[in-house]
Trainee: 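Below is a structure I'd like to ask you about.
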Amino acid sequence: MEKQEVIFEDLRVVHYKDAWDYQEALVKKNLEIKSLARNAAKNGQAPGSPFELPTKNYFLFCEHPSVYTLGKSGHMENVLMSEHEMEEKEIEFFKTNRGGDITFHGLQQIVGYPILDLEKFFTDIGKYMRSLEEVIILTLQEYNIKGDRSPGETGVWIQPEIPGKERKICAMGIRCSRWITMHGFALNVNTDLSFFNNIIPCGIVNKQVTSIEKELGYKVDYQEAKEKIKRNFAKVFGIKIVYP
């Protein structure tokens, strides 16, 4: 079977709400295509398989200016700052429609938003999440960092099996509508980790947050890290990266 094409776009530094709106627009276009196909099916005119639908897959990269985002199952008590304090420090805050709890996005953190039609890959959200984790685990391996999974806790961790030493390096939270994905992952590269002190990250108490820089003891080339993720994403999902 021919590889699925995924359109790659690097949005660079973009405000959270602008990136969210852009994702919603891409998802909406794909959902409209599926809706038309469903209506055509009622008249016996639909394509024979989801692979024939002209839905488009995207993989977006960006950095966000400082922002806290709360997932739809999140709890406000995990936010340890007042609205006034956030305004003073010029930190934005959004309640989002992704899964997960509270997290931070900031500069020198790679945020990846795959907009995929999973009907063209596999209709299994658990497999999708494990695949995203695998992309990050493979990327960390290239820095000689052993990324791992923590049972029952989405994302990528370091030493999750050692109480007191477990630390999260990549948070994940997604939304899926009729098998079209949005939102995604946030990998701390050279991120200022002090912002995580103002929240209980992902609602998980007494566990640290880390970055590639913290683990290695020096700043890494941010652009190079993006290229590694892009390459590993193509490898794990078996896709062909194309450009708009």
Side-chain angles (χ1 to χ4, degrees), residues 6-31 56-72 74 79 81 83 86-117 132 135-136 139 155-156 169-177 180-196 198-199 201-202 209 211-213 219-234 239 241-244:
V6 175
I7 301 163
F8 176 78
E9 291 185 58
D10 190 342
L11 306 179
R12 304 194 182 276
V13 180
V14 59
H15 282 281
Y16 183 81
K17 185 63 167 62
D18 293 337
W20 187 5
D21 288 346
Y22 185 48
Q23 289 182 78
E24 292 278 13
L26 296 177
V27 170
K28 184 182 177 187
K29 284 180 188 174
N30 278 338
L31 290 178
K56 291 185 177 179
N57 301 302
Y58 295 84
F59 188 28
L60 312 177
F61 272 179
C62 60
E63 282 176 88
H64 295 309
S66 299
V67 59
Y68 293 118
T69 68
L70 186 71
K72 60 179 186 279
V79 183
M81 291 181 87
E83 196 175 313
M86 283 192 237
E87 283 176 8
E88 276 191 333
K89 296 189 176 182
E90 298 183 333
I91 305 171
E92 291 189 294
F93 174 81
F94 290 97
K95 289 183 178 178
T96 79
N97 59 354
R98 63 163 171 78
D101 207 290
I102 188 79
T103 197
F104 167 76
H105 297 306
L107 300 181
Q108 291 290 296
Q109 178 193 69
I110 298 173
V111 179
Y113 294 134
I115 314 292
L116 304 182
D117 181 356
L132 282 185
V135 170
I136 302 303
T139 300
V156 178
I169 196 165
C170 184
M172 294 185 179
I174 70 151
R175 176 177 173 80
C176 191
S177 305
I180 305 291
T181 67
M182 65 180 292
H183 299 295
F185 64 82
L187 175 65
N188 297 325
V189 181
N190 303 311
T191 320
D192 181 350
L193 300 177
S194 68
F195 286 94
F196 287 96
N198 304 318
I199 59 173
C202 304
V209 174
S211 65
I212 295 177
E213 177 188 14
K219 286 189 187 298
V220 298
D221 185 311
Y222 184 75
Q223 190 61 38
E224 186 180 84
K226 289 197 285 191
E227 290 302 318
K228 290 179 190 296
I229 292 176
K230 197 194 326 181
R231 186 171 62 248
N232 286 317
F233 186 86
I239 56 97
I241 296 276
V242 297
Y243 298 87

Trainee: Tell me if the centroids of the rings in Phe104 and Phe196 come within less than 6.0 Å of each other.
Mentor: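 Ring-ring flag for Phe104/Phe196: true, centres closer than 6.0 Å.
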Trainee: Is it the case that atom NZ in Lys226 sees more than 12 heavy atoms from other parts of the structure closer than 6.0 Å?
Mentor: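 Yes, NZ of Lys226 has more than 12 neighbouring heavy atoms, counting only those of other groups under 6.0 Å.
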Trainee: Using side chain to side chain contact (heavy atoms under 4.5 Å, CB included), reason through Phe185 and Val156 one step at a time and then give a plain yes or no.
Mentor: CA-CA 10 Å; Phe185 64 82; Val156 178; over 6 Å; no
Trainee: Taking Asn97 for its side chain and Lys72 for its backbone only, find out whether a donor-acceptor pair lies under 3.5 Å.
Mentor: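 Such a contact is absent between Asn97 side chain and Lys72 backbone.
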Trainee: Out of curiosity, Gln109 CD to Tyr222 OH, how far, rounded to the nearest 0.5 Å?
Mentor: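 One finds 7.5 Å between CD of Gln109 and OH of Tyr222.
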Trainee: Nearest 0.5 Å, please: how far is SG in Cys176 from CE in Met182?
Mentor: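 Met182 CE to Cys176 SG: 11.0 Å, rounded to 0.5 Å.
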Trainee: With distance as the sole test, does Thr181 use its side chain to make a donor-acceptor pair with the main-chain N or O of Pro114 at under 3.5 Å?
Mentor: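 Indeed, once roles are kept as given, a pair shorter than 3.5 Å links the two residues.
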Trainee: How close do Ile136 and Met172 get, heavy atom to heavy atom, and via which atoms?
Mentor: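 Where Ile136 meets Met172 most closely, the heavy atoms are CG1-CE, 3.9 Å.
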Trainee: Verify the ring-centre separation between Phe61 and Phe8: is it less than 6.0 angstrom?
Mentor: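 When the ring centroids of Phe8 and Phe61 are compared, they turn out to be within the sub-6.0 Å range.
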Trainee: Is the side chain of Asn190 donor-acceptor paired with the backbone N or O of Val220 at a distance under 3.5 Å, no angle test?
Mentor: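 The answer is yes, because a donor-acceptor pair under 3.5 Å joins these two groups.
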Trainee: Does any N or O in the side chain of His64 come within less than 3.5 Å of the main-chain N or O of Val14, such that one atom is a donor and the other an acceptor?
Mentor: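 Yes, the answer is positive, given that a donor and an acceptor are paired below the 3.5 Å cut-off.
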Trainee: Any donor and acceptor pair, going by atom type alone, linking the side chain of Glu213 with main-chain N or O of Val189 inside 3.5 Å?
Mentor: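 Such a contact is absent between Glu213 side chain and Val189 backbone.
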Trainee: Does the pair Arg231 and Thr139 meet the rule for a side chain to side chain contact (heavy atoms under 4.5 Å, CB included), with working shown?
Mentor: CA-CA 9 Å; Arg231 186 171 62 248; Thr139 300; over 6 Å; no
Trainee: Do you know the tightest heavy-atom contact between Thr191 and Gln108?
Mentor: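 Nearest pair, atom of Thr191 first, then Gln108: OG1-O, 3.1 Å.
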Trainee: Would you sort out whether Phe59 and Ile239 count as a side chain to side chain contact (heavy atoms under 4.5 Å, CB included), showing the intermediate values?
Mentor: CA-CA 11 Å; Phe59 188 28; Ile239 56 97; over 6 Å; no
Trainee: Please work out which of the three classes, parallel, tilted or perpendicular, describes the rings of Trp20 and His183, given edges at 30° and 60°.
Mentor: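 Correct class here is tilted.
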Trainee: Let me confirm one number: the CG-CG distance from Asn30 to Asn57, rounded to the nearest 0.5 Å.
Mentor: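 Output value for this atom pair is 7.0 Å.
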Trainee: Is there a donor-acceptor pair under 3.5 Å between the side chain of Tyr68 and the backbone N or O of Phe195?
Mentor: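 Between the backbone of Phe195 and the side chain of Tyr68 there is a qualifying donor-acceptor contact (under 3.5 Å).
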Trainee: Of all heavy-atom pairs between Ile212 and Ile169, which one has the smallest distance, and what is that distance?
Mentor: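 It is N-CD1, 3.7 Å.
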